[in-house]
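Input: a single structure, listed below in structure tokens.
Remember, it's a predicted structure, so these values are computed and weren't measured experimentally. Counting starts at 1 for both ligands and their atoms, in listed order.
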Amino acid sequence: MHHMTLAEIARGLADKKFSSEELTKTLLARIAQLDPQLNSFISLTEELALSQAKAADARRANGESGALLGAPIAHKDLFCTQGIRTSCGSKMLDNFKAPYDATVVAKLAAAGTVTLGKTNMDEFAMGSANESSYYGAVKNPWNLEHVPGGSSGGSAAAVAARLLPAATATDTGGSIRQPAAFTNLTGLKPTYGRVSRWGMIAYASSLDQGGPLARTAEDCAILLQGMAGFDPNDSTSIDEPVPDYSAGLNGSLQGLRIGVPKEYFGAGLDPRIAELIQDSIKALEKLGAVIKEISLPNMQHAIPAYYVIAPAEASSNLSRFDGVRFGHRCENPQNLIDLYKRSRGEGFGAEVQRRIMVGAYALSAGYYDAYYLKAQKIRRLVKNDFMAAFNEVDIILGPTTPNPAWKLGAKNSDPVAAYLEDVYTITANLAGLPGLSMPAGFVDGLPVGVQLLAPYFQEGRLLNVAHQYQLNTDWHTRTPTGF
Ligand code: GLN
């Protein structure tokens, strides 16, 4: 039962082959048995899951249908869930039970999903390895000595290990696509504004975007359908109609113009990954796509710009965690300043403190123009590069990451080495564009992802291309041994 995709589950439930309650019990037992090896969950919500499953079964018995009705999922632990701990992977929020549901959580619950739990993540979504979590590192099911990627490492490891078919995640600089690549999943970062950020605890508000992590493009389409749409509670939510993503999966790729940026294949890219990317290009050419070399000349400036903008926004967003209103509060504060200092010093981990310091520095009066303003100008140049490229091509293709998943602890003493691994993913966040990572092969037994980028609101095009590719390849069907 645990091997089924969301699409297969929907068919099985519709054909009354099993109930949502049976499936939920099977998956909860599997999580109890296998998750101790992975640490992919921060909280399990068994009672809620069983009551949602029973309610979904009752709705189906009453004649209701829907691809998500009775589908088990989990939420990254930065989506607020009413009455349930929403920790953001931090000691700061270890004691925080959200007073309301995030829009994404509420929309998916209304569609009939069953919440099995809240998944592990890098603290406040800062990281690429899921090692900065207060709840401990997550292991990659493909090799337990390696990281699963981050910051949505818990969602990725759980779905890859077949503990559940799909999960929500968020992507500020690659945190959906990079863990998807590291664990052989399909993950989609939507256009900025496509999915509501209301109730999604902020890291860097102008970059954050929620999206689906699943094993197939078909399943990403199903989950995105339940997440996307205008939300008056989020002032950056965009009022664009949401297309039927599943209906769009079968379009022909004949004549599809794929741009391959020459800057993607410079030094730093593992040559074995470069080869797998070439294989994926050939597979798409066979389906009728036309390949064109393009250039994204400002790509080299994207990492420094991102690592100014994201910490700057984080330093502002995280100022609300002051030990006064909610979250961790130190023992016996002597005065207000002591309360702030010790609550924040004890509640935030090292990486979060590093980013707050970098961000506060970049925003300070004397340095604002030199760092923050400069970074914003680079951001515009990065966006302009994409706009010029999309005049010539329909999608852009390249590697998701320069290297496969590294060993646990390998980059702990060198944060910049980890930042450099984000080179292919962060440009989409700076520009607000949608991006998808899908399985493209293996290097030393570790999964490799190919990334597709599309113009604003063309999530459907990404899913269509990925689905056609997956009908003609079988990388996405490979299962990690032991799971
Ligand atoms: N690795 C990037 C960072 O640490 C991206 C994280 C994310 O997308 N949440 O900021």
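Side-chain contact check for Asn298 and Asp385: at least one donor-acceptor pair (N or O, by modelled atom type) lies under 3.5 Å.
Note: an N/O pair closer than 3.5 Å links Gly173 and ligand 1 by distance alone.
Aromatic ring centres of Tyr367 and Tyr372 lie farther apart than the 6.0 Å criterion allows. The aromatic ring centres of Trp475 and Tyr469 sit 6.0 Å or more apart. Taking the six-membered ring for Trp, Tyr419 and Tyr307 have ring centres closer than 6.0 Å. Checked against the 6.0 Å centroid criterion, the rings of Phe442 and Trp142 qualify as a close aromatic pair.
Close to ligand 1: Arg355, with a non-hydrogen atom less than 4.0 angstrom away. Heavy atoms of Gly127 approach ligand 1 to within less than 4.0 angstrom.
Numbered from 1 in the order shown, with element, the atoms of ligand 1 that lie under 4.0 Å from a heavy atom of Asp171 read 8 (O). Atoms of ligand 1 lying under 4.0 Å from at least one heavy atom of Ser128, given by number and element, are 1 (N). For ligand 1, the atoms lying closer than 4.0 Å to a non-hydrogen atom of Tyr203 are 3 (C), 9 (N), 10 (O). Near Tyr307, meaning under 4.0 Å from one of its heavy atoms, ligand 1 places the atoms 1 (N), 2 (C), 3 (C), 4 (O), 10 (O).
Looking at Thr172 against ligand 1, both its backbone and its side chain come within 4.0 Å, counting heavy atoms. Counting heavy atoms under 4.0 Å from ligand 1, residue Tyr419 does not touch it at all. Of all the heavy atoms of Ala125, the ones lying under 4.0 Å from any atom of ligand 1 are found in both the backbone and the side chain.
Between Phe326 and Phe321, the ring planes are perpendicular. Angles over 60° get that label, and only those under 30° would be called parallel.
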Salt bridge (Lys or Arg N to Asp or Glu O under 4.0 Å) between Glu351 and Arg354, worked out: CA-CA 5 Å; Glu351 183 61 21; Arg354 179 179 298 123; 2.2 Å; yes
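The one candidate from Leu452, Leu224, Ile176, Val195 that meets the side chain to side chain contact (heavy atoms under 4.5 Å, CB included) condition with Leu188 is Leu224.
Here the protein heavy atom with the shortest distance to atom 6 (C) of ligand 1 is Ser175 OG, 2.9 Å. For atom 5 (C) of ligand 1, the closest non-hydrogen atom of the protein is Tyr306 OH, 3.3 Å.
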